[in-house]
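FYI, the numbering just counts along the sequence from 1.
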Amino acid sequence: LSLSLKLENKTEGKLQKQICQVVLEYFDKQYTVELGDTWTSVRDVLTYPLCWQYAILLNKFSQPPELEDTLHVKGYHPAFQGGLPYLPASLKCYVRRTPGRFPAQKHQAGKLKEYYLLNAASLLPVLALEVKDGEDILDLCAAPGGKSVAVLQCAYPGLFHCNEYDGLRSQWLKQTIESFIPYPLINLIKVTKLDGRQIGDLKPELYDKVLVDAPCSNDRSWLFSSDIQQAKLRLIERKELSSLQFQLLR
């Protein structure tokens, strides 16, 4: 099978996934109230995996010269154009108009990955942060690590503290950093598993800038949950998230 056909089959497989009706009915009630008429178009994208797309964030620390040429040939173009208040030349992210997914790269110890797949919208908070060389940065809820990697594409912080409270996600974060950041730069990064709500008291006024990618409901994943009981439990838990998000921001 060609690579494109494999990817197409994989995407079609995603499309075969059953939508969890309990979750969809909940979303219909909640988001019709919150989003009004806009919910119809949002719902179409949410329930149709072929519409989903991942952007490609290039890793400036491990970038083969032919990669950008390959992306251009496949119809990709820069996600962000000029005119933004902050857009470092070293931050390179590509998207394309037609849906599809570029193949992911596996973690290999001692070898840096060439790119990171993510939603292009995830980079907007990083651009809003306007990180400059030498600034002390805290990424409060850092796993799986995409925004941390993006920050380091933009500038070289003086101190970069990446925190993730959940044990498994913290391991994921460490692996991401190892996959994308070379020595000696990796020595500037401190990874912890602290309760993010306590860091402000533990380290008052230490950081120049703080990125808070607070835990979210991850609606898209739960819409395709095969475990109805787990999905129902998740819908109950998601109501508590806004309180946690507020505490983290405070």
Are any of the side-chain nitrogens in Asp166 or Lys193 under 4.0 Å away from the carboxylate oxygens of its partner?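 The answer is no: the pair does not qualify as a salt bridge.
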Can we say Lys209 and Glu135 salt-bridge, meaning some charged N sits less than 4.0 Å from an Asp/Glu carboxylate O? yes
Please confirm whether Lys111 makes a cation-pi placement over Phe61, using NZ or CZ under 6.0 Å from the six-membered ring centre and within 45° of the ring normal.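 The answer is no; the distance or angle limit is not met.
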His161 and Tyr207 aromatic ring geometry - parallel, tilted or perpendicular at 30°/60° bounds: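 It falls in the tilted class, 30° to 60°.
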How about [X] and [Y]: does a side-chain donor come under 3.5 Å of a side-chain acceptor?
| X | Y | value |
| --- | --- | --- |
| Glu25 | Gln21 | no |
| Gln30 | Arg238 | yes |
| Gln247 | Ser243 | yes |
| His77 | Tyr94 | no |

Residue among Ile186, Ile189, Ile137 satisfying side-chain contact (heavy atoms from CB on, under 4.5 Å) with Leu152: Ile189
Please report the C-alpha distance between Asp208 and Lys132 in whole Å, then the side-chain angles of each, then the deciding distance to 0.1 Å, and finally whether the salt bridge (Lys or Arg N to Asp or Glu O under 4.0 Å) criterion is met. CA-CA 10 Å; Asp208 296 300; Lys132 297 178 179 62; over 6 Å; no
Return yes when atom CG of Asn187 has more than 12 non-hydrogen atoms of other residues, nucleotides or ligands closer than 6.0 Å, and no otherwise.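 More than 12 heavy atoms, drawn from other residues, nucleotides or ligands, come within 6.0 Å of this atom.
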Is the number of heavy atoms from other residues, nucleotides or ligands within 6.0 Å of OH (Tyr86) greater than 12? yes
Checking Ser122 now: which residues fulfil side-chain hydrogen bond (donor to acceptor under 3.5 Å, both in side chains) with it, not counting sequence neighbours? none
Side chains of Pro85 and Glu130: closer than 4.5 Å at any heavy-atom pair?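 Yes, side chains in contact.
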Glu164 and Gln171: side-chain hydrogen bond (donor to acceptor under 3.5 Å, both in side chains), yes or no, with the steps? CA-CA 9 Å; Glu164 176 55 52; Gln171 286 299 115; over 6 Å; no
Name the one of Lys113, Gln153, Glu114 that satisfies side chain to side chain donor-acceptor pair (under 3.5 Å) with Asn59?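 Result for side chain to side chain donor-acceptor pair (under 3.5 Å) with Asn59: Gln153.
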Could you walk me through whether Phe160 and Asp136 pass the side-chain contact (heavy atoms from CB on, under 4.5 Å) test, one step at a time? CA-CA 6 Å; Phe160 194 19; Asp136 295 331; over 6 Å; no
Answer with yes or no whether the hydrophobic clustering places Phe102 together with Leu123; edges join I, L, V, M, F, W, Y residues whose side-chain heavy atoms lie under 4.5 Å apart. no
Sequence neighbours excluded, every pair satisfying ring-ring contact (aromatic ring centres under 6.0 Å, His included) that has a member inside residues 164-192: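 Non-adjacent pairs meeting ring-ring contact (aromatic ring centres under 6.0 Å, His included): Tyr116-Phe180.
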